[in-house]
Amino acid sequence: MSTELFYRSIPSLATALEAGKLSSVELVRSVIDRTKAVEPKIKAFNSFDEEDALAQARESDVRRAAGRTRGAMDGIPIGIKDVIAVSGQPLTASSRMLANFISPYDATVTRKLKGAGAICWGRLNLDEFAMGSSTENSAFGPTSNPYALDCVPGGSSGGSAAAVAAGEAIVSLGSDTGGSIRQPAAFCNLVGLKPTYGLISRYGLIAFASSLDQIGPFARSVEDAAITLGVIAGHDPLDSTSYRTEVPDYRAALKTRTGPWRLGIPKEYFGEGLDSEVGRAVEKAIAHYQSIGCEVKDVSLPHTEYGVGVYYIIATAECSSNLARFDGVRYGHRSKDAKDAIDLYFKSRAEGFGAEVKRRIILGTYVLSSGYYDAYYLRAQKVRTLIRNDFLTAYREVDAIITPTAPTPAFRRGTKADPLAMYLCDIYTIGVNLAGLPGISVPCGFSADGRPIGMQLIGQPYHEAELLAIAHAYERAHEWGQRRPAL
Ligand code: GLN
């Protein structure tokens with residue numbers, strides 16, 4: 001049986017489009033129909049605009065007929081996390097604060113995708129303002145994991161992950177501040193890449209913690225992730241932290257970079273709290289790399305244990321500053337019964353933000369306040385440097401590092417009510433953001449009851465081409481990523 005259109009890879013769709021065996025309108029129709037069929041169970045989308053997507057598809061077909069095709073993503077529908085601006089479309093961050101906001105402009109990544117002919121399709125659910133690990137903190141309700149409907153898809157980019165896993169988009173974009181691409185990718189049997197800080201423009205991304213946030217792709221294969229990355233990467237004068245670097249041909253690198261690689265195993269990532277099925281799956285993946293000639297070495301990242309603490313100081317500090325702009329005056333929710341300006345700020349923010357967002361703003365304001373700044377924020381910045389140095393020291397001996405992506409497979413909705421328990425979902429992903437490194441999650445197995453497991457590969461700054469090649473070397477010898485959920 002041939003694979004349904006909505007589950008096919010970008011290269012196979014591009015070939016069919018190029019050969020005239022398929023039109024983008026047909027492809028987009030198939031994705032729309034699939035979305036309507038499975039959304040009642042999955043709830044990955046905050047909104048979608050069918051007519052707009054079909055109009056974009058018709059333009060792609062017209063371009064193709066005129067011989068003006070723009071490359072592999074021309075005509076391919078990509079889902080977009082609802083924190084990335086698409087001109088004329090809603091942009092909510094899954095918050096009541098922005099429930100009625102329409103973006104007046106395109107994010108740089110959106111502009112680049114449109115420039116490559118991709119069809120921007122739907123706004124995908126998340127934890128409010130990307131704060132969370134389960135997509136349960138959404139003002140629009142939770143998203144389900146396509147592989148286990150009573151479980152979470154991970155977060156915060158849970159909608160972006162669930163949509164691609166369920167065939168509601170071919171690929172998608174998420175954002176990752178402490179694990180929000182990699183952890184949902186692991187929970188939903190996808191490839192999820194958090195690029196090096198500075199590789200992708202953050203212009204038009206709703207800021208959570210600006211020194212940690214990066215946009216990146218979700219895909220059902222390493223190759224699809226590489227193609228998407230190639231479209232969105234590169235310097236942007238509109239983002240002052242964007243880095244001037246060549247964008248290599250990531251897709252070609254999958255073939256040209258063949259290893260063998262030196263891979264580091266940090267013992268700090270295989271200790272207490274790691275689920276035994278996850279641990280075994282990652283051990284097997286490591287053994288596979290050895291079997292193809294890679295050298296596997298123990299490395300130490302001694303400051304790992306401070307990662308979660310440091311992250312929840314720096315990320316909350318930055319979010320308290322970034323979210324100050326939502327004041328009920330310029331945009332977003334405005335309270336109806338305020339008696340003066342100060343009351344308007346208080347009431348609009350009290351009504352507009354959910355509990356987790358408020359918790360973080362309060363914590364972040366506290367760690368930045370006079371008397372506590374030195375004790376918390378400044379010290380956290382110093383430890384952040386130690387964490388980065390741990391990685392850079394390890395990279396004197398190895399090309400990449402392998403860890404589990406998350407300590408457990410997807411958990412059931414409603415089972416992590418304690419914020420600290422939720423924060424611990426990110427113990428293996430947070431260090432990568434603090435150090436500004438690229439990290440990718442790759443499917444590496446399933447629990448006995450059918451929940452996906454992912455491993456994380458962590459690379460050197462701006463070595464995405466190599467990281468993708470290492471991921472591909474594992475993927476091509478395993479069929480995990482080709483399993484689809486029973487929906
Ligand atoms: N789960 C982490 C948090 O709640 C990371 C979220 C993210 O990467 N956006 O902050």
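All ligand and atom numbering here is 1-based and tracks the order in the structure.
Counting heavy atoms under 4.0 Å from ligand 1, residue D426 touches it through the side chain alone.
Every atom of ligand 1 is numbered from 1 in the order shown, and the set under 4.0 Å from a heavy atom of D176 is 8 (O). Heavy-atom contacts of A130 reach the following atoms of ligand 1: 6 (C), 7 (C), 9 (N) (cutoff under 4.0 Å). Ligand-side atoms of ligand 1 in range of G132: 1 (N), 2 (C), 3 (C), 4 (O), 6 (C), range being under 4.0 angstrom from any heavy atom. Residue contact check: F208 has heavy atoms under 4.0 Å from atoms 9 (N), 10 (O) of ligand 1. Atoms of ligand 1 lying under 4.0 Å from at least one heavy atom of S156, given by number and element, are 9 (N).
Taking the six-membered ring for Trp, Y197 and Y462 have ring centres at least 6.0 Å apart. The distance between the ring centers of F45 and W121 falls below 6.0 angstrom. Taking the centre of each ring, F129 and F326 come in below the 6.0 Å mark. The distance between the ring centers of Y428 and Y269 falls below 6.0 angstrom.
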**Study point:** Derivation of the side chain to side chain donor-acceptor pair (under 3.5 Å) call for S441 and Q456
**Key:** CA-CA 4 Å; S441 183; Q456 173 175 235; over 6 Å; no
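Residue contacts with ligand 1: G179 is placed with a nitrogen or oxygen under 3.5 Å of a nitrogen or oxygen of the ligand (distance criterion only). Not one N or O of K81 is nearer than 3.5 Å to an N or O of ligand 1, by distance alone.
The shell of residues lying under 4.0 angstrom from ligand 1, judged by heavy atoms, includes Y312. Ligand 1 lies less than 4.0 angstrom from a heavy atom belonging to R360. No heavy atom of A315 sits closer than 4.0 Å to any atom of ligand 1.
A donor-acceptor pair shorter than 3.5 Å cannot be found between the side chains of S133 and Q183. Under 3.5 Å, the side chains of H472 and E223 contain no donor-acceptor pair of N or O atoms. With no hydrogens or angles considered, a side-chain donor-acceptor pair links R384 and S211 at under 3.5 Å.
Summary of contacts: the protein heavy atom closest to atom 6 (C) of ligand 1 is S180 OG, 2.8 Å. Protein heavy atom nearest atom 5 (C) of ligand 1, with residue, atom name and distance: Y311 OH, 3.3 Å.
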